[in-house]
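Worksheet for the structure shown next.
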Amino acid sequence: MNLYQELLWRGFVYQATEGAEEAVSRGKITAYVGFDPTAPSLHVGSLLPIMGLVHLQRHGHRPIAVVGGATGMIGDPSGKSKERVLLDRETLERNLQGIKSQLEKFLSFTGENPAILVNNYDWTHSLSVIDFLRDIGKHFSVGYMLAKESVKRRLEGEGISYTEFSYMLLQAYDFLHLYDHYNCILQMGGSDQWGNITAGIDLIRKVRGGKAYGIVFPLLTTASGTKFGKTEEGTVWLDPSLTSPYKFYQFWLNTDDRDVGRYLRFFTLLPKEEVEALEEELRRRPEKRLPHRRLAEEVTRMVHGEEGLQRAKRASMVLFGGSPEGVSADELEEIMSHVPSVQMTKQEVLSLSMTELATRSGLTSSKGEAKRLIAAGGLYLNNKKINNPARKVEVKDLIEGRLLILRKGKKNYLLIKAK
RNA sequence: GGGCAGGUUCCAGAGUGGCCAAAUGGGGCGGGCUGUAAACCCGCUGCCGCAAGGCUUCGGUGGUUCGAAUCCAUCCCUGCCCA
């Protein structure tokens with residue numbers, strides 16, 4: 001099975017330019033994917049293009065990851081209805097570092113076909129306006145640019161600045177640069193990148209007479225129609241300090257039944273037979289949620305390592321398997337290390353009512369909310385439902401005199417450490 | 001630079017002098033059912049307060065008025081058209 005066939009059965013190929021399959025099958029090639037440094041970390045949505053690069057490398061091709069130090073300063077209008085707020089240089093630099101270290105977990109930068117990590121700022125920052133307009137701008141008609149989906153949609157909506165309008169030219173130039181310097185002939189990306197990718201292919205054809213190709217991945221969706229990669233807490237990041245391995249594991253475990261097969265193909269390296277066996281298992285014994293467990297394990301291990309996975313599983317077991325009773329404070333602390341926690345003084349804790357405790361600790365954002373929560377029967381202290389909002393915290397509530405476990409609903413735990 | 005249309009609570013969007021903390025939908029949160037799923041049902045969804053009630057909010061500022069999201073002035077922002 002070659003790379004293209006693998007990408008195909010896994011569902012990665014949403015759209016491909018003419019000849020892409022052939023080009024990939026002909027021999028070892030170099031291909032790239034771009035990553036946007038708008039946030040300090042990549043998130044689970046970026047996992048799809050990352051896996052694209054992983055497959056590329058596993059099939060012996062050379063992957064290039066481009067971080068958009070330059071394009072990040074401009075803002076890609078693709079898939080965005082609003083003009084972006086420009087990032088300052090320091091933020092951008094910090095984000096680049098974070099992304100870089102994350103990519104290093106997935107790709108091998110040594111060996112036979114080492115991955116390459118580059119920053120497009122390196123070849124873009126010194127480009128003069130005159131050169132840009134003569135060497136790149138000259139090859140694009142305004143009609144061509146206006147016809148791009150990303151531009152069209154914005155023109156119909158709230159408009160687009162010249163800055164973002166120019167974005168596609170910079171990305172096209174990236175492709176040309178990589179074509180020239182690394183013989184990179186394929187660009188992959190999310191389906192919203194189609195316009196930018198084809199712009200690059202056209203530029204390469206026009207100025208070098210070269211052939212280049214593009215493959216775009218499908219938009220990640222959830223069966224329930226919510227945005228993929230979001231939970232109640234917001235985006236699911238790859239950085240453990242932004243999304244704990246426990247939360248990360250839980251995110252995958254909670255995958256909708258209807259999505260789990262697709263996600264196994266996208267986000268794990270499990271072979272076809274295994275994925276299909278898991279799907280069969282889902283049909284036969286859905287309540288076991290075996291595919292969900294496997295998905296969560298595979299992805300968590302890949303992102304957070306074996307150690308992170310084991311901790312996440314242990315925490316999940318205690319939090320969902322039973323009650324914290326009978327578990328020592330030390331053990332609890334270890335298990336809850338991935339659950340949000342706050343420090344408070346013992347004195348403070350003991351002076352508070354339940355509504356105050358929930359609010360002060362950050363579990364609820366106001367006393368009003370805490371009150372409503374209690375009225376609805378959704379607040380638990382040490383896994384026991386709280387009915388009285390005025391109830392004070394008592395000494396006997398403290399596990400071994402120093403821990404409190406506060407819970408909102410079924411899944412939202414907060415550990416309070418009293419000193 | 002000129003003309004027109006807009007800027008409302010997380011989002012969309014109603015409201016056009018008091019009955020407005022502001023309809024409705026979405027989202028979110030909680031409860032129920034279950035499998036830590038989906039679907040479905042119920043409740044909640046500005047802040048403080050046990051409550052009565054109070055406080056802050058409708059792009060910014062200043063005004064008119066007993067009273068303003070609603071009227072006036074001015075500024076800022078966005079879209080469309082013209083130059």
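All chains are named by letter (A, B, ...) in the order of the sequence lines, taking the proteins before the strands, and each is independently numbered beginning at 1. Both backbone and side-chain heavy atoms feed into the values below; hydrogens, waters and symmetry mates do not.
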Fill in the blank from the handout: Whether each nucleotide of nucleotides 38-45 of chain B has a protein heavy atom under 4.0 Å at its base (B), only at its sugar-phosphate (S) or at neither (-) is summarised, 5' to 3', as SS----SS
Exercise for the section: Determine yes or no for a side-chain-to-main-chain donor-acceptor pair under 3.5 angstrom, with A/R311 supplying the side chain and A/E307 the backbone. Expected result: no
Fill in the blank from the handout: Residue pair A/G368/A/Q250 against RNA chain B: nearer the 5' end by closest nucleotide is A/Q250
Handout entry: Complementary nucleotide for B/rC40 - Watson-Crick or wobble, under 3.5 Å
Key = B/rG32
Practice task
May I ask you to check whether over 12 heavy atoms, not counting those of A/K206, lie within 6.0 Å of atom NZ?
Solution key: yes
Exercise for the section: Examine B/rC50: is either OP1 or OP2 under 4.0 Å from a nitrogen or oxygen in the side chain of A/N388? Give yes or no. Expected result: no
Problem - Nearest-angstrom distance from the residue atom CG of A/L278 to P of B/rA37 - result: 20 Å
Handout entry: Nearest listed nucleotide, side chain of A/L253, among B/rU34, B/rU36, B/rC29
Key = B/rU36
Fill in the blank from the handout: Using Watson-Crick geometry (N1-N3 plus N6-O4 or O6-N4) or G-U wobble (N1-O2, O6-N3), each under 3.5 Å, B/rU78 is paired with B/rA5
Practice task
Describe the nucleic acid contact of A/K288 in one word from base, sugar-phosphate, nothing, applying a heavy-atom distance below 4.0 Å.
Solution key: nothing
Practice task
Could you identify which residues of residues 357-367 of chain A place a heavy atom less than 4.0 Å from some atom of RNA chain B, listed by residue number, or say none?
Solution key: A/S366, A/K367
Which pairs, protein N/O on one side and nucleotides 79-83 of chain B N/O on the other, fall under 3.5 Å?
from   : atom 1 : to     : atom 2 : distance (Å)
B/rG79 : OP1    : A/E158 : O      : 2.7
B/rG79 : O5'    : A/E158 : O      : 3.4

Problem - A/K105 atom NZ: more than 12 heavy-atom contacts under 6.0 Å - result: yes
Handout entry: Neighbour count above 12 (heavy atom, 6.0 Å) for A/E276 CD
Key = yes
Exercise for the section: Applying side-chain hydrogen bond (donor to acceptor under 3.5 Å, both in side chains), run through A/Q187 and A/Y32 and close with a yes or a no. Expected result: CA-CA 5 Å; A/Q187 182 181 173; A/Y32 98 91; 3.1 Å; yes
Fill in the blank from the handout: Separation of B/rG35 atom C1' from A/E281 atom CD, nearest Å, is 14 Å
Problem - Presence of A/Y380 side-chain N/O under 4.0 Å of B/rG31 phosphate oxygens OP1/OP2 - result: yes
Problem - Check: A/Q171/A/T71 side-chain N/O donor and acceptor closer than 3.5 Å - result: no
Handout entry: Nucleotide B/rC48, atom C1' - distance to NZ of A/K371 in whole Å
Key = 8 Å
